[in-house]
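Residue numbers start from 1 in every chain, and the chains themselves are labelled A, B, ... in the order their sequence lines are given, proteins ahead of strands. These values consider heavy atoms only, across backbone and side chains, with no hydrogens, waters or symmetry-generated copies.
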2 protein chains.
Amino acid sequence: MTDIVTIRGDLELLTRTEQLFSSVREEFVCAARDLETWSRPAARQVAGGRLRRGGTHRTRKLYSPSALADERGREHLGALADRGAQVRIAATALPHETIVVDRRCAILAGLPAPGGREYTLTTAPTLVGGVYALFEAAWESATDLDVFLRGEQPHLDAGSRTVLRALGSGATDETAARELGMSLRTYRRRVAELLAALDADSRFQAGMRAGELGLRG
Amino acid sequence: MTDIVTIRGDLELLTRTEQLFSSVREEFVCAARDLETWSRPAARQVAGGRLRRGGTHRTRKLYSPSALADERGREHLGALADRGAQVRIAATALPHETIVVDRRCAILAGLPAPGGREYTLTTAPTLVGGVYALFEAAWESATDLDVFLRGEQPHLDAGSRTVLRALGSGATDETAARELGMSLRTYRRRVAELLAALDADSRFQAGMRAGELGLRG
DNA sequence: GAACCCGTGGCAGCTTGCTGCCATCGGGGA
DNA sequence: TCCCCGATGGCAGCAAGCTGCCACGGGTTC
């Protein structure tokens with residue numbers, strides 16, 4: 001069975017994958033240490049084209065933190081996210097490029113070598129399944145790009161901290177307002193201000209952010 | 001080059017790996033969904049022997065939470081840890097058995113099939129490297145067995161983690177439910193379960209707890 | 001097949017949260 | 001004094017969230 005193929009050099013990779021990439025049906029996942037491969041002009045065209053064609057498939061990209069090291073990387077990842085890909089950053093070093101298409105075909109990249117970088121393309125269910133499950137595990141525990149990029153700490157005035165404590169206690173607005181000796185309306189105004197300060201769209205999100213930032217009122 | 005071999009059935013696997021396993025020099029890593037394969041008597045002998053010979057190598061074992069589902073599993077993992085292996089529990093489903101020896105040889109197991117389960121053994125650096133790096137990423141974010149058993153963190157299943165992420169994204173229930181492909185009712189059920197798991201009285205409180213615990217889905 | 005269990009989803013009614021609008025109040029400043 | 005301003009709070013209407021109830025479908029058990 002010829003379900004394992006070794007590819008030598010980027011050029012061969014491109015010609016071989018062009019057709020594959022345009023036939024993605026459901027899912028395209030990719031784990032990589034950096035943006036080296038696909039940020040090159042020729043490759044970009046292929047990969048970009050695939051995304052732009054706006055299939056209904058899901059695209060997931062998982063990178064090491066080092067992919068964000070330079071401005072170019074951040075830009076590129078931002079652009080990917082804008083085009084609908086889910087982008088996450090893992091806590092550790094990842095392989096040099098690993099791709100799984102529709103859970104039936106995997107591509108793994110090796111190290112640069114004389115005569116061109118080596119790639120392995122396989123459709124063996126055992127291999128693809130194993131790689132996919134490992135990817136899934138790594139993905140599951142990685143951080144969303146936007147969360148990763150946000151690290152700032154908004155400073156909150158005394159009032160907001162009181163409100164924060166009340167919210168953290170789990171009380172309803174009514175109880176909290178009574179305890180703080182203010183009207184329901186004012187309390188909610190405070191809450192809205194707090195959400196704005198934390199740049200949160202929902203109370204849950206605000207709580208999460210507060211927790212992450214170690215704010216405790 | 002014959003650096004990829006397909007193995008059919010557990011018997012062949014054992015005969016082939018016996019020699020390999022006793023030649024481990026530096027590291028033996030293993031990711032698996034459950035304890036099926038190696039908890040069988042014959043296999044246990046091989047694996048156990050390897051460990052008992054007390055090489056200087058490091059042994060790392062990564063399992064899905066389901067490996068702890070029954071008492072037998074807990075015992076087995078405890079025994080492994082006692083014999084010096086590092087055991088961790090990942091948050092998500094893992095492949096059906098993936099092994100990497102000394103970073104130079106990988107074994108991936110497929111699903112049970114007529115004629116015996118199929119295994120793939122490879123020494124191709126590209127494959128091994130890719131699998132190893134993915135394992136590393138999954139390992140890095142998994143929880144130590146003892147910590148997991150102590151249960152300071154509420155055990156959230158994959159579903160709860162997805163919901164956690166959705167909530168953390170700030171989406172409304174309606175959009176979140178749609179994105180996750182479930183009904184509004186079910187989504188809210190999940191949210192309610194999550195709140196219960198986090199022992200929270202409000203979404204804000206749940207978010208705060210999740211943030212404090214470093215849960216990110 | 002029948003009897004069940006479980007997860008799901010629709011519906012309904014209720015609570016809680018959100019916010020625009022306006023009335024009120026208290027404290028400067030012209 | 002009068003006016004302005006910002007903060008407050010009541011109200012109303014709407015959006016969002018919560019939960020009990022019941023029905024349906026897919027497994028499992030007997």
Item to check | A:R60: side-chain contact (heavy atoms from CB on, under 4.5 Å) partners, not counting sequence neighbours | outcome: A:E27, A:V29, A:R58, A:Q86, A:Y132, A:F135, A:E136, A:W139
Checklist entry - Counting just side-chain N and O atoms, does B:T186 come under 4.0 Å of either OP1 or OP2 of C:dG9? => result yes
Item to check | Test side-chain contact (heavy atoms from CB on, under 4.5 Å) applied to B:R178 - qualifying residues, sequence neighbours left out | outcome: B:E174, B:T175
Item to check | Separation of C:dC11 P from B:R189 CZ (nearest whole Å) | outcome: 14 Å
Checklist outcome for this item: Sorted by chain and number, sequence neighbours left out, side-chain contact (heavy atoms from CB on, under 4.5 Å) with B:A206 holds for A:F204, B:L195, B:L198, B:A200
Item to check | Any donor-acceptor pair under 3.5 Å from B:S183 side chain to B:T186 backbone | outcome: yes
Between the protein and nucleotides 15-18 of chain D, are there any N/O to N/O pairs under 3.5 Å, and if so, what are the atom names and distances?
from, atom 1, to, atom 2, distance (Å)
D:dG17, OP1, B:D173, OD1, 3.4
D:dG17, OP2, B:D173, N, 3.1
D:dC18, OP1, B:R203, NE, 3.3
D:dC18, OP2, B:R203, NE, 2.7
D:dC18, OP2, B:R203, NH2, 2.3

Checklist entry - Starting at OH of A:Y187 and ending at C1' of D:dA7, how long is that distance when rounded to a whole Å? => result 19 Å
Next on the checklist: Suppose we screen for salt bridge (Lys or Arg N to Asp or Glu O under 4.0 Å). Which residues come up paired with B:R103, at least two apart in sequence or across chains?
Outcome noted: none
Checklist entry - Just to confirm, is there a sub-4.0 Å distance from OP1 or OP2 of D:dT8 to any side-chain nitrogen or oxygen of A:R190? => result yes
Item to check | B:S169: partners by side-chain contact (heavy atoms from CB on, under 4.5 Å), with sequence neighbours left out | outcome: B:A171
Checklist outcome for this item: From CG of A:L194 across to C1' of C:dC18 the rounded distance in Å is 15 Å
Checklist entry - Donor-acceptor pair under 3.5 Å: do we get one between A:R185's side chain and the base of C:dG17? => result no
Checklist entry - How long is the line joining CZ of B:F204 and P of C:dT16, in whole Å? => result 18 Å
